[in-house]
Amino acid sequence: MPELPDVEHFRRTFARASVGRRVEAVVVTDPGILRNVAAPELHRALRGHRFEDPERRGKWLIARTDGPALLLHFGMTGDVEWAPAAAGRHRHDRVIVVLDIGEIRYRNMRKLGGVWLAAEPGEVDELLGRLGPDALSVKRKEFFELMGSRRGRVKPALLDQSFLAGVGNLLADEALWRARIHPARRIEDLSVDERAALFRQLRSVIRHTVDSYPEGIRTRWTSARGRPAARCPRCRTELTRTVVGGRATYLCPSCQRQPAAS
DNA sequence: TCAGTTGTTTATAT
DNA sequence: AATATAAACAACTG
């Protein structure tokens, strides 16, 4: 699930429930999801503090309070849910932030990702590590500078969070398909037009999925991807499954020309 | 039983 | 210094 559009949706869910509200309790049902803090300490640190507007950077959700900040990463199966009461908790709800109006649940089946506490605002940056510009807000000029600073295959670059933050496997495949660029093309070989197309299509697919979430996440491309004998929504050629950068990669062999053998 | 999965980190190699 | 590759993490689905 979680790529940039999903995390942006989580951010909005978190914001609606939390902004200006005080933490009554933090319930940890699986301490194994906590990365840099123990359960009693997390509860003690957050209880009584008021949430500010949460921030998203790439695939990270940063929930600041007037004291410490809560950092959430969602791995491949994370989710944020709001509920008006404790009833109906899911077995994969591993951390629950209890507010007076209800509770925010951090759900994560596979437990990749996790929950961090930044005791002070200054700690946030070092916990996030090096992140490139956010893929939703990056400007054209900055994107071109980025492309100029990188060599090697284009898809692994898009997935590298320290290069560009927020793009996951599905977004990368779709943007490359829309821009008609083979995922294994080398960045240094892309023409100016191809770079421009990649920027435009990346921005377009991210904006569209963010604005029309959650229905909009299911695009023509993602609906086709992964189905047996799936066909290109543009030209009806059968899609190819391959591996690029260690990740499952779907592409249209007709629209996305192979890189020249080196 | 086994391959596959939307993410990241680590180790190792080039 | 960058980039490439594979494995590990963990839990579930088909």
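Chain identifiers are assigned alphabetically (A, B, ...) following the order of the sequence lines, protein sequences preceding nucleic acid strands; residue numbering begins at 1 within each chain.
Atom CD1 of residue A:Ile206 and atom CD of residue A:Gln201 lie 11.5 Å apart, to the nearest 0.5 angstrom.
In secondary-structure terms, DNA chain B builds stems of at least 3 consecutive Watson-Crick or G-U pairs, each pair having both distances under 3.5 Å, at B:2-5 with C:11-14, B:7-14 with C:2-9.
Within the cation-pi definition used here (under 6.0 Å to the ring centroid, within 45° of the axis), A:Arg220 does not qualify as a partner of A:Trp177.
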Begin with the C-alpha distance, continue with both residues' side-chain angles, and end with the deciding distance and a verdict on salt bridge (charged side-chain N to carboxylate O under 4.0 Å, His left out) for A:Asp173 and A:Lys155. CA-CA 8 Å; A:Asp173 273 7; A:Lys155 177 169 172 181; 2.7 Å; yes

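Interface residues of residues 159-173 of chain A facing DNA chain B, ordered by number: A:Gln161, A:Gly168, A:Asn169, A:Leu170; criterion, heavy-atom separation under 4.0 Å.
A:Leu34 places its CG atom 14 Å from the P atom of C:dA10, with the value rounded to the nearest Å. Note: CG (A:Leu112) to C1' (C:dA7) measures 13 Å, nearest angstrom. What separates CE of A:Met109 from C1' of C:dC12 is a distance of 4 Å, to the nearest Å.
Side-chain atoms of A:Arg91 lie closest to C:dC12 of the nucleotides C:dA10, C:dC12, C:dT5.
A:Ala248 comes within contact range of the sugar-phosphate backbone alone, with a heavy-atom separation under 4.0 Å but no base atom that close. Using a 4.0 Å heavy-atom criterion, one finds that A:Arg225 contacts the sugar-phosphate atoms exclusively. A:Gly75 comes within 4.0 angstrom of the backbone, heavy atoms only, and of no base.
Here A:His92 does not reach the OP1 or OP2 of C:dA10: none of its side-chain N or O atoms lies under 4.0 Å away.
Between A:Asp125 and A:Arg57, at least one side-chain N (NZ, or NE/NH1/NH2) sits under 4.0 Å from a carboxylate O, which counts as a salt bridge.
Considering A:Arg153, A:Arg150, A:Arg130 in turn, A:Arg150 is the only one that fulfils the salt bridge (charged side-chain N to carboxylate O under 4.0 Å, His left out) rule with A:Asp160.
When DNA chain B is scanned 5' to 3' for any atom under 4.0 Å from a heavy atom of chain A, the first and last hits are B:dT5 to B:dT8.
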